[in-house]
Asks: 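Okay, here's the structure, questions in a sec.
First listed ligand is number 1; within each ligand, the first listed atom is number 1.
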Amino acid sequence: MPMSQKSVTRVAITGTGSYLPEKVLTNLDLEQMVETSDEWIRQRTGIIERRIAEKGIATSDLGTRAARRAIKTAQIDPLDIDLIIVGTATPDSVFPSTACIVQREIGAKNAYAFDLSAACSGFIYGLDLADGMIRSGKYRTALVVGAETFSRIVDWTDRGTCILFGDGAGAAVLQASETDRGIITSYCGSDGVYADPDLLGVPAGGSALPLTGDNIDQKLHKVKMRGREVFKFGVRIMPEAALHTLEMAGLTVNDIDLVIPHQANLRIIEAVGERIGVSADKVYINVDRYGNTSAATVIIALDEAIRSGRIKNGDLVLMVTFGAGLTWGASIIKI
Ligand code: ACO
């Protein structure tokens, strides 16, 4: 229920949670499926293994499990949640939204819920949106989720894409706060010139190219990507977004305790670290264990970093991402 309008000092992340399916798919497993090698995948991507959701498990199931953990950590009642945003490129179905299913499963019946389509940037977009909505004074508590089951839309015969992705979810509870902890600033952008499903996307299954037997035979309902172009874009846009966000906040990279870049490829992550001038020990990496979980990568990483004690209260974290659209976003948070 919207509250009476009241200004807030900052929007704090009062709880995070994540969920990774138990089933592990290693590079060695992939060697049995497509013409590739563990060595090639490690060298070109840094990925060693990824998680795959069991049959019958949907994106909402992963999102719900991550959300429950975030709610428990934040010590809130689901009935207190005003707003649920699920960033996903792999919704349970075209509609209803995955967010409404998460809402039902966690019993957050006072919230309004919707999905956000920004591919890998979905979590940062959601964070920025929820920050603004809470700052407006109209809402007090939001749940922002990044959840994906890319294993369902990957072409398991295409070695150029199937090695990259994994399934997983992360969630954050955001609440109005009177302290200085929380989201300092965020910056999001997009460039529709690159809105080309053959560059990065799924061509069939929407209104432009409804599913037919023919396009299913051509695997047009599966992920397509021109990897080298996407790589170059990521290496350019993530440092730009990170540096712009630091400037907006009046900070330098030396003020940041941990950088969490989108976990798409270790080479991209390392290039981003170098270009923004941060030492390697301040850059979070879990792409080796989970691959690219799209909208879920940065929030899974944030949750892991908090739970493992890698970051503590008062630390400054810079998250930065990019994805299909093309989209990008960065956010600086005081933990
Ligand atoms: N195993 C072995 N060989 C392979 C494999 C594989 N899995 N995949 C491609 N190759 C081959 C190619 O066929 C090519 O062979 P050729 O030289 O005989 O033609 C060679 O390896 C080099 O291929 P490239 O595509 O040039 O390899 P590159 O170094 O660019 O790595 C990769 C490919 C890993 C896909 C890289 O381009 C990349 O990571 N791109 C960015 C991906 C990304 O960040 N996606 C974000 C998605 S975000 C979202 O919104 C969903």
Side-chain angles (χ1 to χ4, degrees), residues 25-50 59 87-91 115-126 146-168 188-192 194-203 222-239 241 261-272 285-288 290-301 319-329:
L25 184 75
T26 66
N27 293 348
L28 300 176
D29 296 328
L30 281 163
E31 284 183 1
Q32 310 302 313
M33 298 162 65
V34 286
E35 202 182 326
T36 191
S37 67
D38 175 45
E39 192 193 355
W40 192 96
I41 301 172
R42 282 183 196 234
Q43 274 181 3
R44 300 289 181 122
T45 71
I47 300 168
I48 299 170
E49 58 186 42
R50 66 290 287 146
T59 296
T88 186
T90 50
D115 288 357
L116 192 157
S117 171
C120 300
S121 305
F123 181 78
I124 300 283
Y125 269 44
E148 303 280 15
T149 46
F150 258 65
S151 64
R152 307 296 194 249
I153 61 164
V154 154
D155 175 358
W156 289 104
T157 64
D158 174 12
R159 67 178 183 174
T161 51
C162 75
I163 57 153
L164 295 172
F165 296 100
D167 301 337
C188 295
S190 60
D191 188 348
Y194 299 100
D196 170 5
D198 293 318
L199 171 65
L200 184 55
V202 175
K222 298 290 183 183
V223 173
K224 305 287 172 226
M225 184 179 73
R226 294 200 296 272
R228 246 183 255 184
E229 283 172 62
V230 174
F231 189 103
K232 282 184 191 158
F233 181 80
V235 165
R236 176 174 68 79
I237 202 67
M238 283 205 285
H262 176 42
Q263 306 285 310
N265 180 319
L266 183 60
R267 286 154 57 213
I268 299 179
I269 294 170
E270 287 173 348
V272 171
I285 294 165
N286 64 13
V287 70
D288 52 330
Y290 306 140
N292 180 350
T293 57
S294 184
T297 70
V298 288
I299 178 57
I300 292 173
M319 299 190 286
V320 59
T321 188
F322 81 104
L326 292 167
T327 57
W328 59 90

Asks: How close does the nearest protein non-hydrogen atom get to atom 11 (C) of ligand 1, and which residue and atom is it?
Replies: Arg159 NH2, 3.6 Å

Asks: Does any N or O of ligand 1 fall below 3.5 Å from an N or O anywhere on Ala324, backbone included?
Replies: yes

Asks: Enumerate the atoms of ligand 1 whose separation from the nearest heavy atom of Leu200 is less than 4.0 angstrom.
Replies: 47 (C), 48 (S), 49 (C), 50 (O)

Asks: Does Arg44, backbone or side chain, put an N or O under 3.5 Å from an N or O of ligand 1?
Replies: yes

Asks: Taking 4.0 angstrom as the limit and counting only heavy atoms of Phe322, give me the atoms of ligand 1 inside it, by number and element.
Replies: 44 (O)

Asks: Does the side chain of Ile47 reach to within under 4.5 Å of the side chain of Ile163, using non-hydrogen atoms?
Replies: no

Asks: The criterion is ring pair (Phe, Tyr, Trp, His ring centres under 6.0 Å); which residues satisfy it with Tyr125, sequence neighbours excluded?
Replies: none

Asks: Between Cys120 and ligand 1, which residue portion shows a heavy-atom distance shorter than 4.0 Å: side chain, backbone, both, or neither?
Replies: both

Asks: Would you mind reporting whether Leu30 and Cys162 have side-chain heavy atoms less than 4.5 Å apart?
Replies: yes

Asks: Val230: heavy atom below 4.0 Å from ligand 1, yes or no?
Replies: yes

Asks: Identify, with sequence neighbours excluded, every residue that meets side-chain contact (heavy atoms from CB on, under 4.5 Å) alongside Gln43.
Replies: Glu39

Asks: Quick one: which ligand 1 atoms are inside 4.0 Å of a heavy atom on Gly160?
Replies: 8 (N), 35 (C)

Asks: Hey, which atoms in ligand 1 end up nearer than 4.0 Å to a heavy atom of Ile268?
Replies: 44 (O)

Asks: What are the two closest heavy atoms between Pro203 and Gly201, and how far apart are they?
Replies: CD-O, 3.8 Å

Asks: Using a 4.0 Å heavy-atom cut-off, say whether Phe231 meets ligand 1 through its side chain, its backbone, both or neither.
Replies: both

Asks: Within the structure provided, determine whether Pro91 and Thr59 are in side-chain contact (heavy-atom separation under 4.5 Å).
Replies: no

Asks: Ring-plane angle category for His262 and Phe322, please: parallel below 30°, perpendicular beyond 60°, tilted otherwise.
Replies: perpendicular

Asks: If you scan the protein for heavy atoms around atom 30 (O) of ligand 1, do you find one that is closer than 4.0 Å?
Replies: yes

Asks: With heavy atoms under 4.0 Å as the rule, classify the contact between Val34 and ligand 1 as side chain, backbone, both or neither.
Replies: neither

Asks: Where does Asn265 meet ligand 1, judged by heavy-atom distances below 4.0 Å: at the side chain, the backbone, both, or neither?
Replies: side chain

Asks: Counting both backbone and side chain atoms, is some N or O of His262 under 3.5 Å from an N or O of ligand 1?
Replies: no

Asks: For Asn292, which part has a heavy atom under 4.0 Å from ligand 1: side chain, backbone, both, or neither?
Replies: side chain

Asks: Do Ile269 and Gln263 come close enough that some side-chain heavy atom pair is under 4.5 Å?
Replies: yes

Asks: List every atom of ligand 1 that sits less than 4.0 Å from any heavy atom of Gly227, numbering the atoms from 1 in the order shown and giving each element.
Replies: 37 (O), 40 (N), 41 (C)

Asks: Do Met33 and Leu25 have side chains that approach each other closer than 4.5 Å (heavy atoms only, starting at C-beta)?
Replies: yes

Asks: Quick one: look at Val223 and ligand 1, take heavy-atom pairs under 4.0 Å, and tell me if it's side chain, backbone, both or neither.
Replies: neither

Asks: Check this for me - ligand 1, Ser294, N or O atoms closer than 3.5 angstrom, yes or no?
Replies: no

Asks: Is there a protein heavy atom at a distance of less than 4.0 Å from atom 14 (C) of ligand 1?
Replies: no

Asks: Below 4.0 angstrom, counting only protein heavy atoms, does anything approach atom 47 (C) of ligand 1?
Replies: yes

Asks: Could you tell me the residue and atom name of the protein heavy atom closest to atom 44 (O) of ligand 1, and the distance to it rounded to 0.1 Å?
Replies: Ala264 CB, 3.4 Å

Asks: If I apply the N/O under 3.5 Å rule, does Gly323 come out as touching ligand 1?
Replies: no

Asks: Can you sort out which atoms of ligand 1 are near Thr45, meaning under 4.0 Å from one of its heavy atoms?
Replies: 34 (C)

Asks: Trp328 and Ala241: which non-hydrogen atoms are nearest, and at how many Å?
Replies: CD1-CB, 3.9 Å

Asks: What is the closest protein heavy atom to atom 45 (N) of ligand 1, and at what distance does it sit?
Replies: Met225 SD, 3.4 Å

Asks: Kindly state if atom 19 (O) of ligand 1 has a protein heavy atom within a strict 4.0 Å cut-off, that is, under 4.0 Å?
Replies: no

